[in-house]
Every structure is written in C-alpha cells, then in structure tokens.
Peer 1: 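Here it is: the structure, laid out below.
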Amino acid sequence: MYPTVAEVLALPVLRQGRPHVVAGTAGLDAPVRWAHVAEVADIAHLLRGGELVLTTGVALPDDGPSLARYVADLAGVGAAGLVIELVRHWSDKLPAALVEAAEKHGLPLVTLSRETRYVSVTEAVNGQIVDAQVAELRAAERVHETFTALTVAGAEPGVVLGEVARLTEQPVVLETLSHEVLAYDAAGTDPAELLTGWPSRSRVVQLGERTGYHPGSGWLVTVVGARGHDWGRLVVVCTDQPPHRHRVVAERAASALAVHRLVAKDSDGLERQAHRAVLNELLASPAPSAELLARASALAVPLTGRQLVGLAVRPRLAGNRPALSTPPVLRELAEATVLAARRAKVSALVATDELGVRALIALSPEANADTVLHRLATDVHEARSSAPGVLAVGTTVFSPAEAGRTLREAGQVAAAALGAGTDRVLHRLSDVRLRGLLHLLSGDERVTAFAQRELGPLLQRDAATGSRLVQALRHYCEQGGNKSAAAAAAHTSRTAYYQQLARIEQVLGVRLEDPESMLSLYVALLAADLTRSSEEDSPGRGAQ
C-alpha cells in the first residue's frame with residue numbers, strides 16, 4: 001500500500017533535484033508512510049514512524065556528536081529516510097559524522113544538489129499514499145463482497161481457493177492441522193513442485209498468531225476454524241512480503257471455508273473428498289502423473305517405494321444382499337476404516353463410494369502385508385459389530401501404476417463375497433473362486449446371454465404362474481444335488497419339493513442328476529444374481 005523510499009526517489013518531482021543516496025542503501029525498500037518537512041533538529045519525538053523527512057539542513061548542528069544523535073533519534077522512531085538539500089547549509093557534501101551515522105543505523109540518507117520545492121514533493125508523495133489507501137479500501141470492499149457472496153452460495157473449497165489465487169496471483173493451499181493437503185490452486189505454477197514434500201515443509205512453519213507471514217518459507221498463513229474449533233490452515237505462497245490486501249483475502253477466505261464446513265457437516269469431510277479425488281484418478285490413470293503422486297504424498301500417503309493394497313469395505317443386509325447405504329452409514333464406515341489404519345500404523349487413502357468404502361493401503365517394503373491387513377480388518381469388524389460387513393483386498397502391487405488394478409480387484413472380491421455369504425475376516429481373490437471369476441466377467445454380454453439361455457424358460461414360468469421354481473433350483477444346486485437337504489433348506493416337504501424338481505426338468509428339458517447340467521445351471525444362477533445386483537446397485541438407481 002505504501003511506496004518504498006526507492007520508489008519515492010524515482011518520482012519526477014524528486015528526480016529534478018538530482019537525488020543521490022550517500023548512505024543507508026540497505027533501507028531503500030522501507031515503506032514511506034508520509035513525507036514530512038522538518039527544519040528543526042529536535043523532530044524525532046513528533047514522528048510516528050515511516051516518515052520520509054525532508055529538510056534544507058539550515059537548523060541542523062555542525063558538530064559530529066549532535067549530528068550522530070539526530071540520525072540515531074530518527075532511526076529510533078522508525079523514520080523511513082532523510083533527504084537533505086545541498087543548497088543553503090551544506091553546498092558541497094554532508095559532514096562525515098552525518099553520513100557515518102546514517103550508514104550505521106541503515107537510514108537512507110539522500111542529497112539533492114538542486115533547490116527543490118518541498119511542497120510539491122509532499123503533495124506528490126502524500127497524494128500517492130492517499131490514493132493507494134483509497135484503492136486499498138476499495139479492494140478490501142470488493143474482497144468482502146466476493147467472499148460474502150461465496151459464503152452465502154455455499155461455495156466449495158476449490159471455488160474459494162480459486163478466488164484467492166485470482167485475487168493474489170499466488171498459489172494457495174488448504175491443509176489440515178496435521179499438514180495434509182485438502183485442496184489447492186497452483187495459480188498457473190507446477191502443482192507437483194508446489195506439493196512435493198509438503199507435510200515436512202509445513203511442519204517447520206509455526207506462527208504465534210492466527211494470521212502471519214513466515215519469511216523463511218515465504219508463506220502467508222492463516223488459521224481456519226469456527227467457534228473455537230480450529231481444523232486447518234490456509235497458506236498463500238508468497239515470494240516477498242505480501243501486501244495488506246493479501247492478508248485480508250486470506251482471512252476472508254478462511255472465514256468462508258469455516259462456514260462451509262459448518263453448513264456441510266452432514267456431507268463427506270474435506271479429507272474424504274481429497275482422498276476420493278486421488279483414488280478416482282488412480283483408477284482412471286494407467287500411468288499416474290508426478291502431480292498425482294505429489295498430491296497423494298501431500299495427504300501423508302506416499303505411493304512410491306511402497307507395497308500397495310486395494311481395500312473394499314461393503315456393509316451387508318439380511319440375506320447377504322449388498323446395502324445401498326445412506327451417507328451417514330458410509331461416513332461411519334469410512335471413519336472406522338481410517339481409525340483402523342491409524343491403529344495399524346499404516347498410511348491409507350480412504351473414501352466412500354456408492355456401495356461402501358474404497359481404500360488404498362500403502363505399506364513399507366519391510367511390512368508383513370498379511371499381518372497388517374488382518375489386524376486392520378479385525379479392527380473394522382469390531383468397530384462395526386452392530387452392522388456387519390465384508391472386507392476384501394486386491395493383489396499386493398509395488399508400483400503406483402498398478403494401484404488401479406488392486407483397487408478394482410478389491411471391489412470385485414467384495415461384491416463376490418457378499419453373494420457367497422461366508423464369514424471371513426478378510427476376503428481375497430483366492431477365497432471367492434467361481435463367484436470371483438464371474439464378477440470379473442460380469443460385464444461380458446456373452447455371460448448374460450448364457451444365463452438367459454439356461455434359465456429363461458424357468459424365469460418365464462415363474463413370472464406367468466407365480467411358481468418358485470428358480471428358488472427351488474437354487475436350493476438344489478447349493479446343496480450339491482442332495483434332494484433331502486435341499487427340501488429342508490427350502491422349508492418344503494420332500495414330496496412337494498420332488499414335484500418341483502420334476503417340473504424344473506420338464507420346463508428346461510434336462511436331467512438335474514447330470515453333473516454337467518447341475519453345474520451349468522448353478523453358474524447361470526450366479527451370473528443372473530450378478531447381473532441383477534449390478535442393476536440394483538447402480539449409482540443412478542441408488543439415487544432414486
């Protein structure tokens with residue numbers, strides 16, 4: 001907001017006096033709060049700091065100690081600089097004591113070799129300062145209006161950070177108090193460079209105030225929170241000391257973010273949103289970019305040089321059907337997974353999806369993956385004892401490029417395990433066997449056509465007459481062809497059940513005692529279940 005001493009000396013009204021800096025060049029970047037003409041030696045006690053003192057020198061003493069004291073007093077009250085006209089008192093050069101004292105105290109000392117109208121100087125300098133202050137006030141008003149509108153509209157953090165980057169033209173990062181990056185806007189710079197090593201860089205930046213500038217890092221930092229509950233920090237990356245308006249922008253943005261969190265308390269937290277964004281990109285990217293790896297690392301989950309394991313957690317309903325869970329249930333499930341990962345002392349990206357929780361576990365190369373995963377799964381089950389679920393993992397991989405594969409496998413295993421109805425602590429590909437294979441092929445039209453071809457007549461008969469022949473066939477296959485056990489599972493008398501089996505053979509034109517026929521029909525039943533489950537659990541249907 002204020003011009004520096006160097007900028008004031010560059011004004012035409014001062015350039016005409018041929019200014020020459022004779023001492024204190026280190027202080028030329030000091031801001032000038034006001035230009036003040038003072039023709040008395042005892043002036044320091046009347047100053048408030050930041051003044052550029054203009055004098056002809058006529059009232060200044062000639063003895064060295066008095067001149068040194070005069071300069072020391074000016075420096076002591078924070079004067080920005082001293083300008084002396086070499087016309088009336090000193091016409092050639094300034095006394096050495098004056099120059100030495102200015103250099104000692106770092107006070108810019110400037111001579112003017114031509115007579116200068118100081119009234120014109122004060123008008124130009126002070127007018128510029130007043131104009132800058134008015135512009136600053138108008139800018140602050142625009143900032144207030146901008147962030148008030150964003151707050152009222154319930155703008156997402158990404159939108160708020162975008163406005164910060166636009167108004168400051170600097171990169172901005174929103175982080176948790178544990179230094180994990182929730183959102184950012186690189187303002188046109190390289191995101192990977194901005195985020196690389198973020199947690200370790202952020203830990204060393206500690207300020208004793210809610211908003212402050214850390215010169216060592218070049219960060220303008222303000223605390224984010226409301227009602228005494230601070231939960232994050234907003235960081236504007238500035239190379240130089242930021243102007244006051246940048247502080248205003250940061251503080252207003254922090255307020256908007258705090259209000260958004262209060263209003264959106266029933267939705268996923270910013271942490272889960274940040275994790276979900278990285279997981280989705282890992283699923284979609286065959287070769288993760290440097291930026292994506294930096295984002296994961298900034299969330300305290302480094303992916304390079306780690307064992308990576310996809311994890312899927314699915315709540316279960318009665319009858320081993322997958323649950324189209326409500327957001328509160330999904331958040332509870334995600335929180336249980338996060339806490340279990342912390343207890344197991346492993347890094348993890350954890351986010352909710354339409355059916356449950358998806359996670360990527362990052363283990364050190366020396367870790368025993370089986371032991372860690374079993375402990376994690378046990379903790380989740382104990383936390384969710386009132387609402388049982390299925391936990392499944394994909395293959396352990398060793399490259400971020402394979403992260404998508406292990407995440408997809410975990411989801412496929414979880415879906416297959418839900419249908420199997422087994423009560424394992426943790427499910428793997430080897431546990432789901434035929435169901436797992438069918439899940440891998442569930443999108444293949446040939447599998448759907450096979451199921452329809454095998455079961456079509458039976459499905460049509462049930463639809464037309466209200467019979468339950470498909471269910472009777474399911475019991476028969478699940479009991480391995482044991483008719484008595486199948487009748488008991490169906491809660492039907494043997495006579496009535498045997499009649500149903502005979503009707504099935506008649507409708508389908510097969511002999512159920514033929515092993516190949518029973519196998520083919522059982523595979524068709526499983527394939528049909530997967531198709532129906534996929535349709536019922538689609539995001540569009542779940543949103544209805």
Side-chain angles (χ1 to χ4, degrees), residues 271-272 275-276 278-279 282-283 296 299-301 303 306-323 325 328-398 402-433 435-436 439-440 537:
E271 294 90 342
R272 299 285 71 77
H275 284 218
R276 182 187 300 109
V278 173
L279 287 171
L282 287 171
L283 282 164
L299 287 166
V301 187
L303 301 182
R306 295 291 194 275
Q307 301 182 71
L308 304 176
V309 187
L311 173 71
V313 188
R314 299 286 185 265
R316 193 201 302 270
L317 286 181
N320 296 323
R321 296 291 300 141
S325 302
V329 171
L330 295 180
R331 288 197 299 274
E332 181 184 344
L333 194 60
E335 186 62 25
T337 306
V338 170
L339 291 176
R342 289 176 183 169
R343 292 193 190 100
K345 298 181 179 180
V346 296
S347 302
L349 295 168
V350 181
T352 58
D353 57 23
E354 294 85 357
L355 300 176
V357 171
R358 174 187 293 140
L360 182 65
I361 311 299
L363 305 172
S364 67
E366 301 80 18
N368 185 317
D370 288 341
T371 301
V372 172
L373 292 171
H374 190 274
R375 175 185 174 185
L376 189 153
T378 300
D379 280 350
V380 174
H381 279 297
E382 290 178 353
R384 296 282 300 171
S385 58
S386 61
V390 167
L391 277 79
V393 293
T395 304
T396 302
V397 299
F398 301 89
E402 298 180 284
R405 175 167 67 88
T406 186
L407 286 167
R408 282 188 290 272
E409 284 182 359
Q412 292 162 350
V413 173
L418 275 172
T422 56
D423 293 325
R424 294 177 180 271
V425 173
L426 192 64
H427 296 264
R428 294 179 170 82
L429 273 173
S430 58
D431 299 325
V432 293
R433 307 178 73 183
R435 289 180 183 271
H439 266 277
L440 293 174
D537 299 333

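Side-chain atoms are counted along with the backbone in the values below, which use heavy atoms only and exclude waters and symmetry mates. We're numbering straight along the sequence, starting at 1. No experiment lies behind these values; they were computed from the predicted model shown.
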Peer 1: Measure the CG-NE2 distance between Leu376 and His374 for me, rounded to the nearest 0.5 Å.
Peer 2: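 So the gap between those two atoms works out to 11.0 Å.
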Peer 1: Is it the case that the side chain of Glu409 and the backbone of Thr395 share a donor-acceptor pair, with hydrogens and angles ignored and the cut-off at 3.5 Å?
Peer 2: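 It does hold such a pair.
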Peer 1: So do Glu271 and Val338 actually touch side chain to side chain, heavy atoms under 4.5 Å?
Peer 2: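 They are not in side-chain contact.
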Peer 1: Is there a donor-acceptor contact under 3.5 Å from the side chain of Thr406 to the main chain of Gly310?
Peer 2: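 At least one qualifying donor-acceptor pair exists.
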Peer 1: Just by distance, do the side chain of Gln307 and the backbone of Ala367 share a donor-acceptor pair under 3.5 Å?
Peer 2: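 Present.
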Peer 1: May I have the step-by-step check of salt bridge (charged side-chain N to carboxylate O under 4.0 Å, His left out) for Arg342 and Asp379, ending in yes or no?
Peer 2: CA-CA 10 Å; Arg342 289 176 183 169; Asp379 280 350; over 6 Å; no
Peer 1: Decide yes or no for Leu308 and Leu360: does some side-chain heavy atom of the first lie under 4.5 Å from some side-chain heavy atom of the second?
Peer 2: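 Leu308 vs Leu360: side chains touch.
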Peer 1: So, taking the atom named CG in Leu330 and the one named CZ in Arg314, what distance separates them when rounded to the nearest 0.5 Å?
Peer 2: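 Going from CG on Leu330 over to CZ on Arg314, the span is 9.5 Å.
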Peer 1: Considering all heavy atoms of both residues, which atom of Ala351 and which atom of Leu279 are nearest to each other, and what is their separation?
Peer 2: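 The pair with the smallest heavy-atom distance is CB-CD1, 3.9 Å.
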Peer 1: I need the Thr396 OG1 to Leu373 CG distance, nearest 0.5 Å.
Peer 2: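 It comes to 6.5 Å.
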Peer 1: Would you give the length of the straight line joining atom CZ of Arg272 to atom CG of Leu349, rounded to the nearest 0.5 angstrom?
Peer 2: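 Here the interatomic distance stands at 9.0 Å.
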Peer 1: To check you understand the geometry: which heavy-atom pair defines the closest contact between Leu407 and Ala359, and what is its length?
Peer 2: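 Looks like CD2-O, 3.2 Å.
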Peer 1: Can you check whether Val390's main-chain N or O pairs, donor with acceptor, with His427's side chain at less than 3.5 Å?
Peer 2: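 It does not hold such a pair.
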Peer 1: Does any N or O in the side chain of Arg375 come within less than 3.5 Å of the main-chain N or O of Arg343, such that one atom is a donor and the other an acceptor?
Peer 2: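 Indeed, once roles are kept as given, a pair shorter than 3.5 Å links the two residues.
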Peer 1: Testing His275, Arg276, Arg331, Arg358 one by one against Thr352 for a side chain to side chain donor-acceptor pair (under 3.5 Å), which residue passes?
Peer 2: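 Of the listed residues His275, Arg276, Arg331, Arg358, the side chain to side chain donor-acceptor pair (under 3.5 Å) partner of Thr352 is Arg276.
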Peer 1: Is the shortest side-chain heavy-atom distance between Asp370 and Arg428 below 4.5 Å?
Peer 2: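 Yes; the side chains approach each other to less than 4.5 Å.
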Peer 1: Determine whether Leu282 and Leu303 make a side-chain contact, defined as any pair of heavy atoms from C-beta on separated by less than 4.5 Å.
Peer 2: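 A side-chain contact under 4.5 Å exists here.
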Peer 1: Using a 4.5 Å cut-off on heavy atoms from C-beta on, say whether the side chain of Val357 contacts that of Leu311.
Peer 2: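 Side-chain contact under 4.5 Å: no.
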